[in-house]
Colleague: 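Here it is, the structure, as structure tokens.
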Amino acid sequence: MNKWKWIVLTVLPLFITTGCWDKRDPEDREYMITMGVDKKDEGYIISFAPAKTEEKEPKKMVCEGKTLADAIASNDSRNSRKTELGQLKMIVFGKSILEDKILLMSLLEELERSQDISKKVTVLATEAKAEACIESMMEEDNGTGLFLWDFFKNTAKEVGVTKGLDMDTFFTELAEQRGSSILPRIEPTESGLYLGGGVAVVNMELSTFLNDKEEQGYLFLLGEAEGAVLEADQNGKRVPLRVVRGDVDYDFKPQKDGKTECLIRLRIHGDLLGNASKDAFSEEGTKKLENLFSEIIKTEIQNTMKIAQEQDTAELLGLAVRLRRVDPEYSGDFWKDVTIVVEPEIKIRDTGRIR
């Protein structure tokens with residue numbers, strides 16, 4: 001009995017200290033930084049930009065499958081290193097996958113269930129193939145795409161060209177806005193990757209693409225246009241103004257005719273960036289410029305709203321969900337029931353002083 005007791009006490013700790021049987025050393029894994037998703041027949045083409053290591057430069061990896069898990073398993077079967085998604089920073093959705101509602105929903109369900117992929121991964125979309133974006137990344141920043149992740153983490157909120165969107169927020173918007181959201185847009189060009197504009201998803205499929213100005217109007221509606229640069233014409237001169245601070249309030253008021261008025265108030269502070277005449281810094285000149293820039297912002301917002309109207313959705317810009325927060329029972333036709341009034345108020349600064 002004592003013999004078996006000593007055997008158990010000796011051998012048992014060895015099993016406890018070995019950890020997971022399938023544990024792999026870091027050098028046995030391929031850490032992916034960026035993933036692109038395109039459509040292939042009834043499945044997916046998955047493109048990866050792996051992390052750079054001391055051993056080798058990163059090279060694009062492509063795999064196919066009817067599900068994401070299937071594609072990754074296929075990739076693992078052809079490589080000596082296991083695909084590791086724990087370090088994934090970005091996912092790019094290609095136009096083809098966004099156009100297929102069933103495949104897109106299946107992919108999003110798989111991503112939402114995944115225990116390997118962080119919900120803080122940055123998501124983007126492109127009118128081109130996601131694989132083409134991955135290829136462009138391989139030519140920049142040592143092929144990882146980390147420069148884009150750094151941009152959204154550190155810079156996007158300061159330049160006013162596109163919003164940052166992580167997967168967790170994307171899922172929240174889709175749930176609250178009934179399958180609608182605007183993703184930041186990325187496009188491969190001859191001179192490299194271009195970031196700006198947006199990609200609109202309505203009812204869980206591609207709706208339309210927003211250009212830079214239309215995306216900027218959307219950012220004003222979100223109160224996230226800090227860093228946006230506007231240009232006004234002052235006596236033949238182009239006068240630029242940079243938005244340095246701004247916020248937005250929505251006020252829904254029932255009207256006597258049964259409709260609802262949505263008053264959107266924007267309070268913007270901005271800096272002139274040269275080129276202005278001396279008259280611009282007089283009290284009267286400054287007021288004229290403030291009124292001029294207010295009209296420019298109002299027009300940008302209205303142009304962006306026209307896109308939502310043309311797509312027959314008020315969910316896209318978050319307008320309907322704001323009304324439902326005020327009136328949870330509302331279920332009518334937003335564009336027929338609601339009158340929108342946009343009131344921008346701009347204060348121009350020069351050397352840190354509000355005029």
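The analysis underlying the following values was restricted to heavy atoms, covering all of them including side chains, and did not include hydrogens, waters or symmetry mates. Just so you know, these numbers come straight off a predicted model, no measurement behind them.
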Colleague: Are Val121 and Lys89 side-chain neighbours, meaning at least one heavy-atom pair lies under 4.5 Å?
Modeller: no

Colleague: Indicate whether the side chain of Thr169 and that of Asp166 have a donor and an acceptor atom separated by less than 3.5 Å.
Modeller: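 There is such a pair between these side chains.
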
Colleague: Using only heavy-atom distances, determine whether the side chains of Thr339 and Glu261 contain a donor-acceptor pair under 3.5 Å.
Modeller: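 No pair is found: no donor N or O on one side chain lies under 3.5 Å from an acceptor on the other.
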
Colleague: Look only at the side chain of Glu226 and the backbone of Val243, and say whether a donor-acceptor pair between them is shorter than 3.5 Å.
Modeller: no

Colleague: Could you tell me which residues satisfy side chain to side chain donor-acceptor pair (under 3.5 Å) with Asp247, sequence neighbours excluded, listed by chain and number?
Modeller: Arg267

Colleague: Return the set of residues passing side chain to side chain donor-acceptor pair (under 3.5 Å) with Asp76 (not counting sequence neighbours), or none when no residue passes.
Modeller: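 If we apply the side chain to side chain donor-acceptor pair (under 3.5 Å) test to Asp76, skipping adjacent residues, the hits are Thr83.
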
Colleague: Would you say Ile91 ends up clustered with Phe171 if hydrophobic residues are merged whenever their side chains have heavy atoms under 4.5 Å apart, either directly or through other cluster members?
Modeller: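 Phe171 and Ile91: one cluster.
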
Colleague: May I ask you to decide if Gly258's main-chain N or O and Gln255's side chain share a donor-acceptor pair within less than 3.5 Å?
Modeller: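 Answer holds: no.
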
Colleague: Check which hydrophobic residues are tied to Ile102 through side-chain heavy-atom contacts below 4.5 Å, counting indirect links as well, and list them.
Modeller: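 For Ile102, no cluster forms, as it stays isolated from other hydrophobic side chains.
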
Colleague: Kindly give the cluster partners of Val341, where membership spreads through any ILVMFWY side chain lying under 4.5 Å from a current member.
Modeller: Leu263

Colleague: Show the numbers, then the answer: is there a salt bridge (Lys or Arg N to Asp or Glu O under 4.0 Å) between Arg349 and Asp271?
Modeller: CA-CA 5 Å; Arg349 316 186 319 174; Asp271 286 340; 2.9 Å; yes

Colleague: Any side-chain to backbone donor/acceptor pair from Ser294 onto Glu290? Under 3.5 Å, distance only.
Modeller: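 Confirmed, Ser294 side chain pairs with Glu290 backbone.
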
Colleague: At their closest point, which heavy atom of Leu165 faces which heavy atom of Pro184, and how far apart are they?
Modeller: CB-CD, 3.8 Å

Colleague: Hydrophobic side-chain clustering at under 4.5 Å (ILVMFWY, transitive links): who's grouped with Ile45? Put none if nobody.
Modeller: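 Members alongside Ile45: Val62.
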
Colleague: Answer yes or no: is there an ion pair linking Glu187 with Arg185, defined by an N-O contact shorter than 4.0 Å?
Modeller: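 Yes, this pair counts.
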
Colleague: Does Thr172 reach the main-chain N or O of Asp168 with its side chain, forming a donor-acceptor pair under 3.5 Å?
Modeller: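 Here the side-chain-to-backbone pair exists.
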
Colleague: Please list, chain by chain and in numerical order, all residues satisfying side chain to side chain contact (heavy atoms under 4.5 Å, CB included) with Asn211, sequence neighbours excluded.
Modeller: Lys213, Glu214

Colleague: If you round to the nearest 0.5 Å, how far is CD1 of Ile346 from OG1 of Thr286?
Modeller: 12.5 Å

Colleague: Mind jotting down which residue pairs meet the salt bridge (charged side-chain N to carboxylate O under 4.0 Å, His left out) criterion with at least one end in residues 308-325? Sequence neighbours excluded, please.
Modeller: Glu176-Arg325, Arg178-Glu315, Glu315-Arg324

Colleague: If you look only at pairs with a residue in residues 59-72, which of them pass as a salt bridge (charged side-chain N to carboxylate O under 4.0 Å, His left out), with sequence neighbours excluded?
Modeller: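 Pairs touching residues 59-72 that pass the test: Lys60-Glu131, Lys60-Glu135.
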
Colleague: So Phe252 and Phe334, would you call those rings parallel, tilted or perpendicular, with 30° and 60° as cut-offs?
Modeller: perpendicular

Colleague: Which pairs would a plain distance check flag for residues 195-206, meaning a side-chain donor or acceptor within less than 3.5 Å of a matching protein atom at least two apart in sequence or in another chain?
Modeller:
from: Asn203; atom 1: OD1; to: Lys101; atom 2: NZ; distance (Å): 3.4

Colleague: Is there side-chain contact between Leu68 and Leu111, with heavy atoms separated by less than 4.5 Å?
Modeller: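 Answer yes - side chains close enough.
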
Colleague: Which ILVMFWY residues can you reach from Val244 by hopping between side chains whose heavy atoms are under 4.5 Å apart?
Modeller: none

Colleague: Does Tyr330 reach the main-chain N or O of Ala320 with its side chain, forming a donor-acceptor pair under 3.5 Å?
Modeller: no

Colleague: Any pair with a residue in residues 35-44 that passes side-chain hydrogen bond (donor to acceptor under 3.5 Å, both in side chains), sequence neighbours left out, goes on the list, sorted by first then second residue, please.
Modeller: Lys39-Asp100

Colleague: Tell me, please, which residues at least two apart from Ser191 pass side chain to side chain donor-acceptor pair (under 3.5 Å).
Modeller: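 Result, side chain to side chain donor-acceptor pair (under 3.5 Å) vs Ser191: Thr189.
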
Colleague: State plainly whether the residues Arg265 and Glu345 are in salt-bridge range, i.e. N to O under 4.0 Å.
Modeller: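 Not counted as a salt bridge, because no side-chain N and carboxylate O are separated by less than 4.0 Å.
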
